[in-house]
Amino acid sequence: MPWTQILERAVALSASCRHEGEVADYIPALADVAPDQFGIAVATLDGSIHSAQDSQTRFSIQSISKVFLLTLAYHAYGESLWTRVGQSPSTNPFNSLIELELERGIPRNPFLNPGALAVTDALLSRHTHLESAMVAVMRELAGNPDINYDSDVFDSELRCASRHHATAHLMQSHGNFSNEVGEVVRAYCASCAIEASCVELARAGLFLANGGRDPQGGRQLLSAQQAQRVCALMLTTGTYENSGMTAFAIGLPTKSGVGGGVLAVLPGRGTICAWSPRLGASGNSVRAMKALELISNAAGLSVFA
Ligand code: GLN
């Protein structure tokens, strides 16, 4: 079946859940987003893009930025990064502190908030202007020089960042933190506040499907083995406590964000990015996850196929 037809079908069939879930409102600026929007884009390694609905509308990438933070840190530190953060799934929510204390300040994985803050701390030791480095890498990979972070979303998250501060201080108390907590939290919130569309994010993720090399610009961001490992973490931890269900229903490495975006990797083939702001209880977009399930099943895309 051609991509256009697969996408049209996913748009039609996922419409039944278009009013399910709630927009994230713990970051006040995200609560203002029109809740029923939906976009989807497929990018393939040969350079084609197939898209439908609001695929050009920019949204807050939120935790999808954790994939790009991890990529920069893994590139900079290699395997020694894993002394700071683990590679195991968690059954707790993305912002939980429970395991962090029990496990002596080593976060379970880089896609939980504690893990992403540890990764951001590691990166800040290498980049004085991490916010600009993150924006620059997103511009390069998405192929669009006007990508930026939204300052309202950034300010809004920073105003209610007590839990981020608590997380960072807890890691600091266990000796797993190097930089000034406030600076790390700022760089993390700025990365989460980057805005991109489904088309741009699908393009930006292509290096993960291509042995770590950006097929457009040609830059090797990760080694082939590192790219495989990032995908393994996306499959096992990318949608938090739902990751097992995601592997079962979709069968692809995916990373979600509370802006409603979900980026999925089709190893060796391309990427899919789906977006719809209404979230289920674990913070994953209800309609975007449904659309990915329909597409993966219709086209036999599971990595286990
Ligand atoms: N910036 C959000 C937070 O740290 C990202 C969470 C998410 O997208 N799951 O809470």
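In listed order, ligands and their atoms are each counted from 1.
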Assess, by modelled atom type and distance only, whether the side chains of N242 and S282 contain a donor and an acceptor separated by less than 3.5 Å. yes
Take I272 and I295, measure what side-chain contact (heavy atoms from CB on, under 4.5 Å) needs, and give me the verdict at the end. CA-CA 10 Å; I272 310 177; I295 293 170; 3.9 Å; yes
Assess R163 for proximity to ligand 1: is some non-hydrogen atom of it under 4.0 Å away? no
When you measure from the heavy atoms of N95 to every atom of ligand 1, does any distance fall below 4.0 Å? no
Residue part near ligand 1, for S63, under 4.0 Å between non-hydrogen atoms: both
Logged contact type for V258 with ligand 1, heavy-atom cut-off 4.0 Å, is both
Can you confirm whether H174 is buried at NE2, in the sense that more than 12 heavy atoms of other residues, nucleotides or ligands lie under 6.0 Å from that atom? yes
As a test of understanding, state which of Q56, R58, R139 forms a side-chain hydrogen bond (donor to acceptor under 3.5 Å, both in side chains) with E200. R58
Using a 4.0 Å cut-off to any heavy atom of [X], which atoms of ligand 1 qualify?
| X | answer |
| --- | --- |
| Q62 | 1 (N), 2 (C), 5 (C), 8 (O) |
| Y240 | 7 (C), 9 (N) |
| C192 | 1 (N) |

Evaluate S256 for polar contact with ligand 1, using N/O atom pairs at a separation under 3.5 Å. no
